[in-house]
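Below: the structure, in structure tokens.
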Amino acid sequence: MRPDELRELVANKARNYIGAKQGDEKHEAIVDAYNSRLPLPRGYKLTMTDAWCAGFVSAIANMLNLDVDVFPRECSCGELIKLAQMGGMWQEDDKYKASIGDLLLYDWQDDLDYANTDNRGAPDHVGIITMITASSYTVVEGNKRGVCGIRVVPFNGRYIRGYITPNYGIAAARWNVDTTAGYRGIIREKAGLAEATLDYLQDYKYGDDLLRKLAEAMNN
């Protein structure tokens with residue numbers, strides 16, 4: 001797994017939840033995924049009635065088993081920035097050229113002179129960058145008016161608060177260590193297969209490559 005492949009995996013996972021509405025099954029899956037990683041950030045359990053944009057990006061990281069030191073988790077945008085700053089994953093400059101898989105933070109109180117100033121206000125919202133064109137980002141956001149939706153944001157556009165840049169280089173390196181065990185874990189969780197069945201798949205002539213393809217398919 002290369003860092004760019006992992007970025008695309010995060011983007012694809014986020015896209016899978018487009019259309020999720022507050023209170024429906026997909027939203028419940030997001031909340032459950034956020035609460036699945038213990039200890040919970042600040043000990044708080046996300047509920048179905050909470051604002052869930054930060055919970056959404058954190059849930060995507062939990063679904064892909066990314067470590068908290070390479071992809072911060074929180075249900076508060078402000079606390080998410082603090083964690084990113086502590087981990088060296090925060091980009092303050094609104095004009096920063098982000099990459100797929102980075103997180104874009106918003107502040108709806110940005111100045112009219114946004115193009116020439118650096119927004120340092122309190123963050124209000126966050127999403128995952130899933131596509132980049134010559135002039136804009138496509139961002140998948142949880143809780144965009146109660147729905148998981150898409151926003152197209154121009155480079156250095158108004159309301160940009162800054163960016164979180166998860167350390168996909170480290171995450172990809174860890175992904176590649178003892179990958180067979182990692183793939184077995186994903187298949188075990190997603191498909192509920194017994195260890196004997198996993199052993200049979202691993203002993204099949206395509207071995208680890210088969211496990212990798214199954215695990216990646218189940219995570220998409």
Side-chain angles (χ1 to χ4, degrees), residues 6-68 70-81 83-84 98 100-108 122-132 136-153 159-161 163-164 166 168 171 185-193 214-220:
L6 187 52
R7 287 178 178 275
E8 288 290 349
L9 194 61
V10 169
N12 287 335
K13 178 63 74 173
R15 290 188 193 102
N16 287 344
Y17 287 88
I18 292 172
K21 296 181 181 179
Q22 184 146 4
D24 71 6
E25 290 184 2
K26 279 194 170 183
H27 176 226
E28 184 174 10
I30 291 165
V31 171
D32 289 345
Y34 178 87
N35 292 328
S36 68
R37 186 74 176 249
L38 301 176
L40 292 168
R42 294 178 294 138
Y44 182 79
K45 186 175 182 179
L46 191 65
T47 73
M48 295 288 288
T49 57
D50 287 327
W52 47 286
C53 61
F56 168 69
V57 301
S58 299
I60 295 299
N62 283 348
M63 291 174 191
L64 294 173
N65 298 311
L66 299 178
D67 293 327
V68 294
V70 299
F71 195 117
R73 313 286 206 280
E74 250 296 343
C75 58
S76 156
C77 291
E79 295 298 322
L80 199 60
I81 289 178
L83 291 174
I100 288 173
D102 287 344
L103 310 184
L104 193 157
L105 280 291
Y106 303 89
D107 171 24
W108 305 134
D124 296 305
H125 194 55
V126 62
I128 298 174
I129 296 172
T130 59
M131 187 172 72
I132 301 175
S136 67
Y137 303 113
T138 297
V139 189
V140 175
E141 306 165 4
N143 201 30
K144 184 176 183 280
R145 298 186 181 91
V147 178
C148 183
I150 294 173
R151 191 188 311 269
V152 177
V153 182
Y159 309 121
I160 294 175
R161 175 61 185 86
Y163 305 86
I164 292 174
Y168 289 108
I186 292 169
I187 297 168
R188 186 187 308 112
E189 176 186 354
K190 301 290 185 180
L193 298 183
L214 287 171
E216 290 177 353
M218 290 177 183
N219 259 337
N220 285 333

Would one find more than 12 heavy atoms of other residues, nucleotides or ligands at under 6.0 Å from atom CE of M48? yes
Side chains of C77 and D124 in contact at under 4.5 Å (non-hydrogen atoms): no
Have D50 and Y44 got a donor and an acceptor in their side chains that come within less than 3.5 Å? yes
Cationic tip of R151 above Y106 ring, under 6.0 Å, 45° of axis: yes
Can you classify the ring geometry of Y163 versus Y137 as parallel (below 30°), tilted (30 to 60°) or perpendicular (above 60°)? perpendicular
Close side-chain approach of V153 to S136, heavy-atom, < 4.5 Å: no
Does the distance from a Lys or Arg side-chain N to an Asp or Glu carboxylate O, for D67 and R37, drop under 4.0 Å? yes
N16 side chain near I18 side chain, heavy-atom distance below 4.5 Å: no
Over 60° means perpendicular and under 30° means parallel, so classify the ring planes of Y168 and F71, tilted if in between. perpendicular
How many angstroms lie between CD in E25 and CD1 in I30, if you round to the nearest 0.5 Å? 12.5 Å
Between N62 and A33 (side chain of the first, backbone of the second, donor and acceptor by atom type, cut-off under 3.5 Å), is there such a pair? yes
Just checking R42: does its CZ atom have more than 12 heavy atoms from other residues, nucleotides or ligands closer to it than 6.0 angstrom? yes
Measure the CD1-CD1 distance between I132 and I100 for me, rounded to the nearest 0.5 Å. 5.0 Å
NZ (K190) with more than 12 external heavy atoms under 6.0 Å: yes
Kindly indicate whether the side chain of L66, heavy atoms from C-beta on, has any atom under 4.5 Å from the side chain of L6. yes
Kindly compute the distance separating CE (M131) from CD (E8), expressed to the nearest 0.5 Å. 11.0 Å
Would the distance check show the side chain of T138 and the main-chain N or O of T130 forming a donor-acceptor pair, the cut-off being under 3.5 Å? no
N35 side-chain N/O to V31 backbone N/O, donor-acceptor pair under 3.5 Å: yes
